[in-house]
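Only one structure is covered here, and it is reproduced in the block below.
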Amino acid sequence: MFKRQKKATTTTPTDLPLTIETANGALRRSFSGEQIGQLRRMITDLLVDQRLPTRIGFTAALRGEGVSFITLASAVTLAHDTGKQICAVELNWLAPGMLHNLNPPPPVSGKGRRREPASPPPVPDLPGIAEVLRGQATIDEALLATNHTGLWLLPAGVVTLEQRPLLARSPELRTLLDRLGERFDHILLDLPAILQTSDTLALAALANAYALVVRHGVTPITEIRQALSDIEHVPVLGVILNQARIATPRWIHRLIPQE
C-alpha cells in the first residue's frame, strides 16, 4: 500500500536575523529578520535616492521609545549590507541604553509555574565618549570592536548632572565627531528624548539629519508634533514606528497568495 506523499510547502524567503557581539564576547544582541527587513527597506530607499547622511541622529519625543535598540539595529544592518565603516555613538548621558541593549536578560525557560524574570548580568564598566572628552581615555580605548569588521560602538560613558549641559554644547564634542568622521563612512548618534532635556536640541544639531522613533500605540500625537517642532533646525529623514503590531484576521491571510 502506497501512501500519498504530502506536497512540499514553500515558504516566502525572509530576511535573516543579524547579531552584534563585542570582540571579547561579553556583550551580545540579536535582531530578528523582521526587524532587520524593515530597517533594511528604509536604509535602501535612502541609499538609492542618495539621501543617506554621513551623520544620522536617532531620537524620540519621550523616553523609553527604543532609540538605542533602533540605533544598534540600524548600525548592524548598514554595516552588514554595505561593507562600509560604521560607528554607533551614544550621546544619551541622561539615560544611556546602548550597553544595556547589548546585555539583555536571559530568557526564562521551563514550563508550569511562573517564574520571575532573571536579572541581567551587570554591564561592564567601560570608558566612553565622556571619558575621551575629559582626557581619561583615548578614542581607541573607548571604541568597542564587534563581530562585524566595519562596525564599532562608542558608549556614552559616565557624566555627572552638572557636566551634561557643558559636554553637549562643547566644541570638543564637535571636534571629536569630526575626527570620527575621518575614520568612518557613517556615524549613527543615539540621542536622548527631545522633550526630556534641552541638551537634545544641541546634540541633534551635530547630525546632518535625524530619524524620530515612535513607539506604536504609546506616544501621544501632541508630543510627537512638539518634538518635531523643537528640532526643526535639523532635517528629518522620517519617523520609525517601533514595536508595531498589526493584527490581520486569519480569513484575510487565507485570501493572500503565498507564492
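A 4.5 Å side-chain heavy-atom check between I194 and L212 finds at least one atom pair inside the cut-off. Within the 4.5 Å cutoff, no side-chain heavy atoms of W93 are placed close to those of D199. No side-chain heavy atom of L144 sits less than 4.5 Å from a side-chain heavy atom of L102. Within the 4.5 Å cutoff, the side chain of E141 has no heavy atoms near those of the E131 side chain. Within the 4.5 Å cutoff, side-chain heavy atoms of L143 are placed close to those of R183. Side-chain contact check for V213 versus F69: every heavy-atom pair is 4.5 Å or farther apart. At least one side-chain heavy atom of T197 sits less than 4.5 Å from a side-chain heavy atom of T200. Here the side chains of L188 and S74 are in contact, with some heavy-atom distance below 4.5 Å.
Q38 CD to T77 OG1: the interatomic distance, rounded to the nearest 0.5 Å, is 10.5 Å. Within the model, atoms CG of L16 and NE2 of H80 stand 7.5 Å from one another, a figure rounded to the nearest 0.5 Å. From L47, atom CG reaches atom CE of M42 across 9.5 Å, with rounding to the nearest 0.5 Å. For the atom pair CG (D185) and OG1 (T54), the distance works out to 9.5 Å, reported to the nearest 0.5 Å. Between atom CZ of residue R28 and atom CG of residue N147 there is a gap of 8.0 Å, rounded to the nearest 0.5 Å. Atom CG of N24 sits about 8.0 Å away from atom CG of L126, to the nearest 0.5 Å.
Judged purely by atom type and a 3.5 angstrom limit, T146 has no side-chain atom pairing as donor or acceptor with the backbone of I20. Of the possible donor and acceptor atoms, none in the side chain of E90 sits under 3.5 Å from a partner among the backbone N and O of P155. Looking at H233, its side chain does come within 3.5 Å of a backbone N or O of L201 through a donor-acceptor pair. Between the side chain of R40 and the main chain of I36, no donor-acceptor pair closer than 3.5 Å is present. Remark: the backbone N or O of D190 is not paired with any side-chain donor or acceptor of N92 at under 3.5 angstrom. In this structure a side-chain-to-backbone donor-acceptor pair under 3.5 Å is present from T71 to V67. In this structure, the side chain of H148 does not engage the main chain of G83 through any donor-acceptor pair within 3.5 Å. Between the side chain of N103 and the backbone N or O of L99 there is no donor-acceptor pair closer than 3.5 Å. Side chain of R215 to main chain of G66: no donor-acceptor pair is present (N/O by atom type, distance under 3.5 Å, no hydrogens or angles).
Connection of I56 to L177 is not established within any shared hydrophobic cluster, with ILVMFWY side chains joined at heavy-atom distances below 4.5 Å, either directly or through further cluster members. One hydrophobic cluster, built from ILVMFWY side chains closer than 4.5 Å, holds both I187 and L167. Under the 4.5 Å side-chain heavy-atom criterion for ILVMFWY residues, a single connected hydrophobic cluster contains both L191 and I129. A continuous path of Ile, Leu, Val, Met, Phe, Trp and Tyr side chains, each step under 4.5 Å between heavy atoms, connects I139 with L91, placing both in one hydrophobic cluster.
Remark: D49 CG is packed, more than 12 non-hydrogen atoms of other residues, nucleotides or ligands lying under 6.0 Å away.
The only member of I86, L39, L46 that meets side chain to side chain contact (heavy atoms under 4.5 Å, CB included) when paired with L78 is I86.
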